[in-house]
Colleague: 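Okay, handing you the structure first.
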Amino acid sequence: MKLNLKIWRQENATAPGGIHTYELDDVSEDMSFLEMLDVLNEQLNAEGEEPIAFDSDCREGICGQCSLMIDGEAHGPEVTTTCQLHMRSFRDGDSITIEPWRADAFPIVKDLVVDRSAFDRIIQQGGYISVNTGAAPDAHATPVPKDKANRAFDVATCIGCGACVAACPNGSASLFLGAKITHLGELPQGQAERDTRVVNMIGQHDAEGFGGCTNIGECTAACPKEIPLDVISRLNWDLHAALRHGK
């Protein structure tokens, strides 16, 4: 197929950016979206033009690095990661607009690459269990009810890609934050730090410049791992409980 690609180019965080248009022929419907960009970059290299910078790593839908806004939708028209989006989701002659995540807390590094280290700093404020367990404990050493174990596993699938932030009109990371709080809050090992965790992580979330949640739901619709919206309710519940406890 033949495509008309409209791609955001920006030299660095302070330089002005803009949309550049490229024509690409002979695109196979079996290519992934990132493979299509690889082909475009090979063409640009051959023409002596600087290739387009974009993030990727595992290309298996696990790492969350492939953060692209495609035709105004986070990761594109399918509920999946960009690396698992295939060109059969498009048609011959399509014009596709490709942009980076748009959020104050995710500054542009170059072209389609954004700095998502704000997520790392949120995790550093409590997205872990700080218990020195020594050697790995036996699998059944700490009983966990089946429903809570399933819930923890389900929300732990969040890969921190940032699609929730990019899709949210407020630029909120509440879905990401709620997934991390819920994951650890369902486990008995996570109870000792439950109050301080939610207060510190929310404090860092706000300090990074993420917006507030108004329950629009665009975040969960864009999430490639389909994290449910009710993790935000759990986040708010835990915060109110922590404040009642004087944390």
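Remember, predicted model here, so these are calculated numbers, not experimental data. Values below: all heavy atoms of this structure, side chains included; hydrogens, waters and symmetry mates excluded.
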Colleague: State plainly whether one hydrophobic cluster holds both Leu68 and Met31, where clusters connect Ile, Leu, Val, Met, Phe, Trp and Tyr through side-chain heavy atoms under 4.5 angstrom apart.
Modeller: yes
Colleague: Only pairs at least two apart or in different chains count here, so list each ring-ring contact (aromatic ring centres under 6.0 Å, His included) that has a residue in residues 184-214.
Modeller: Phe106-Phe210, Phe119-Phe210, His205-Phe210
Colleague: Quick test of your reading of the model: are Asp195 and Arg244 salt-bridged, counting only N-O distances below 4.0 Å?
Modeller: no
Colleague: Rounded to the nearest 0.5 Å, what separation is found between the OG1 atom of Thr142 and the CG atom of Leu187?
Modeller: 10.0 Å
Colleague: How about Phe153: does its CZ atom have over 12 heavy atoms from other parts shown lying under 6.0 Å from it?
Modeller: no
Colleague: Has Asp206 got a side-chain atom pairing as donor or acceptor with Gly203's backbone, closer than 3.5 angstrom?
Modeller: no
Colleague: If we only count heavy atoms from C-beta on, is the Trp8 to Pro100 side-chain gap below 4.5 Å?
Modeller: yes
Colleague: Can you confirm whether Asn170 sits close enough to Cys213 that some side-chain heavy atom of one is under 4.5 Å from a side-chain heavy atom of the other?
Modeller: no
Colleague: What about Val27 and Leu44, same hydrophobic cluster or not, with Ile/Leu/Val/Met/Phe/Trp/Tyr joined at side-chain heavy-atom distances under 4.5 Å?
Modeller: yes
Colleague: Among residues at least two apart in sequence or on other chains, which ones pass salt bridge (charged side-chain N to carboxylate O under 4.0 Å, His left out) with Asp57?
Modeller: none
Colleague: With no hydrogens and no angle check, is any side-chain donor or acceptor of Thr157 less than 3.5 Å from a backbone partner on Asp154?
Modeller: yes
Colleague: Using modelled atom types and a 3.5 Å cut-off, is there a donor and acceptor pairing between side-chain atoms of His245 and backbone atoms of Ala241?
Modeller: yes
Colleague: Taking side-chain contact (heavy atoms from CB on, under 4.5 Å) as the test, write out the residues that go with Val199, two or more places apart.
Modeller: Leu239, Ala242, Lys247
Colleague: Between CD of Glu11 and OG1 of Thr14, what distance do you get to the nearest 0.5 Å?
Modeller: 9.5 Å
Colleague: What is the distance from atom OG of Ser117 to atom CD1 of Ile122, rounded to the nearest 0.5 Å?
Modeller: 10.0 Å
Colleague: Any heavy-atom pair between the side chains of Leu184 and Ile129 that's under 4.5 Å?
Modeller: yes
Colleague: Sorted by first residue and then second, give each salt bridge (Lys or Arg N to Asp or Glu O under 4.0 Å) pair with at least one member in residues 15-38; sequence neighbours left out.
Modeller: Asp30-Arg88, Asp38-Arg59
Colleague: Check Ala222 against Ala74 and note the closest heavy-atom contact, atom names and distance.
Modeller: CB-CB, 4.1 Å
Colleague: Among residues at least two apart in sequence or on other chains, which ones pass salt bridge (charged side-chain N to carboxylate O under 4.0 Å, His left out) with Glu73?
Modeller: none
Colleague: Is atom CG of Asn4 surrounded by more than 12 heavy atoms (other residues, nucleotides or ligands) closer than 6.0 Å?
Modeller: yes
Colleague: Between Cys63 and Cys58, which heavy-atom pair has the shortest distance, and what is it?
Modeller: N-SG, 3.3 Å
Colleague: Looking at residues at least two apart in the chain, or sitting in another chain, which of them share a side-chain hydrogen bond (donor to acceptor under 3.5 Å, both in side chains) with Tyr22?
Modeller: Arg9, Glu49
Colleague: Would you say Cys168 and Ile216 make side-chain contact, with heavy atoms under 4.5 Å?
Modeller: no
Colleague: Start with the C-alpha distance between Cys161 and Thr81, add both sets of side-chain angles, then the distance that settles side-chain contact (heavy atoms from CB on, under 4.5 Å), and finish with yes or no.
Modeller: CA-CA 9 Å; Cys161 66; Thr81 55; 5.8 Å; no
Colleague: Asp238: which residues meet the salt bridge (charged side-chain N to carboxylate O under 4.0 Å, His left out) condition with it, sequence neighbours left out?
Modeller: Arg194, Arg234
Colleague: Restricting to non-hydrogen atoms, name the atom on Met87 and the atom on Met1 that form the minimum distance, rounded to 0.1 Å.
Modeller: O-CE, 3.5 Å
Colleague: Working note: Val79 + Lys225, criterion side-chain contact (heavy atoms from CB on, under 4.5 Å); need CA distance, chi angles, decisive distance, verdict.
Modeller: CA-CA 8 Å; Val79 183; Lys225 298 303 177 182; over 6 Å; no
Colleague: Check for a donor-acceptor pair, side chain of Arg197 on one end and backbone N or O of Gly185 on the other, with a separation under 3.5 Å.
Modeller: no
Colleague: Using the rule that two of Ile, Leu, Val, Met, Phe, Trp, Tyr join whenever any of their side-chain heavy atoms come within less than 4.5 Å, decide whether Val39 and Leu37 are in one cluster.
Modeller: yes
Colleague: Any side-chain heavy atom of Asn12 within less than 4.5 Å of one from Val109?
Modeller: no
Colleague: Determine, stepwise, if the pair Ser56 / Gln65 fulfils side chain to side chain donor-acceptor pair (under 3.5 Å).
Modeller: CA-CA 5 Å; Ser56 70; Gln65 291 298 302; over 6 Å; no
Colleague: With rounding to the nearest 0.5 Å, note down the distance linking CD1 in Ile159 to SG in Cys223.
Modeller: 7.5 Å
Colleague: For the residue pair Gln84 and Ile62, establish whether any side-chain heavy-atom pair is separated by less than 4.5 Å.
Modeller: no
Colleague: Assess the residue pair Cys83 and Phe33 against the criterion (side-chain contact (heavy atoms from CB on, under 4.5 Å)); give the C-alpha distance rounded to whole Å, side-chain angles, the decisive distance to 0.1 Å, and a yes or no.
Modeller: CA-CA 6 Å; Cys83 64; Phe33 200 87; over 6 Å; no
Colleague: With clusters defined by side-chain heavy atoms of hydrophobic residues (ILVMFWY) lying less than 4.5 Å apart, directly or transitively, does Ile7 cluster with Ile19?
Modeller: yes
Colleague: Not counting sequence neighbours, list each pair that qualifies as a salt bridge (Lys or Arg N to Asp or Glu O under 4.0 Å) and has a residue in residues 208-222.
Modeller: Arg121-Glu208
Colleague: Within a strict 4.5 Å, meaning less than it, do heavy atoms of the Ile70 and Thr82 side chains meet?
Modeller: yes
Colleague: Mind jotting down which residue pairs meet the ring-ring contact (aromatic ring centres under 6.0 Å, His included) criterion with at least one end in residues 34-86? Sequence neighbours excluded, please.
Modeller: His75-Trp101
Colleague: Do Asp111 side-chain atoms and Ala53 backbone N/O form a donor-acceptor pair below 3.5 Å?
Modeller: yes
Colleague: Taking all non-hydrogen atoms of both residues into account, name the closest pair between Ala179 and Ile227 and its distance.
Modeller: CB-CG2, 4.0 Å
Colleague: May I ask you to decide if Lys6's main-chain N or O and Thr21's side chain share a donor-acceptor pair within less than 3.5 Å?
Modeller: no
Colleague: Among all residues two or more places apart in sequence or in another chain, which pass the side-chain contact (heavy atoms from CB on, under 4.5 Å) test with Asp71?
Modeller: Phe90, Ile96, Thr97
Colleague: Judged by atom type as modelled, is there a donor-acceptor pair below 3.5 Å linking the side chain of Glu193 to the main-chain atoms of Ser130?
Modeller: yes
Colleague: According to salt bridge (charged side-chain N to carboxylate O under 4.0 Å, His left out), who are the partners of Lys148, at least two apart in sequence or on a separate chain?
Modeller: Glu186
Colleague: What are the two closest heavy atoms between Gly76 and Leu85, and how far apart are they?
Modeller: CA-CD2, 4.2 Å
Colleague: Does Ile181 reach the side chain of Val231, with side-chain heavy atoms less than 4.5 Å apart?
Modeller: no
Colleague: Which atom names give the shortest non-hydrogen contact between Pro188 and Val144, and what distance separates them?
Modeller: CD-CG2, 3.7 Å
Colleague: What do the steps show when you test Leu24 against Gln43 for side-chain contact (heavy atoms from CB on, under 4.5 Å), and what is the final call?
Modeller: CA-CA 9 Å; Leu24 191 61; Gln43 176 178 303; 3.3 Å; yes
Colleague: Is a side-chain N or O of Ser172 found less than 3.5 angstrom from the main chain of Gly211, in a donor-acceptor match?
Modeller: yes
Colleague: Mind checking side-chain contact (heavy atoms from CB on, under 4.5 Å) for Leu229 and listing every partner two or more places apart, or none if nothing turns up?
Modeller: Cys219, Thr220, Ile232
Colleague: Could you go through the salt bridge (Lys or Arg N to Asp or Glu O under 4.0 Å) check for Lys110 and Asp115 one step at a time?
Modeller: CA-CA 9 Å; Lys110 183 175 182 179; Asp115 180 359; over 6 Å; no
Colleague: Does Asp94 reach the main-chain N or O of Leu3 with its side chain, forming a donor-acceptor pair under 3.5 Å?
Modeller: no
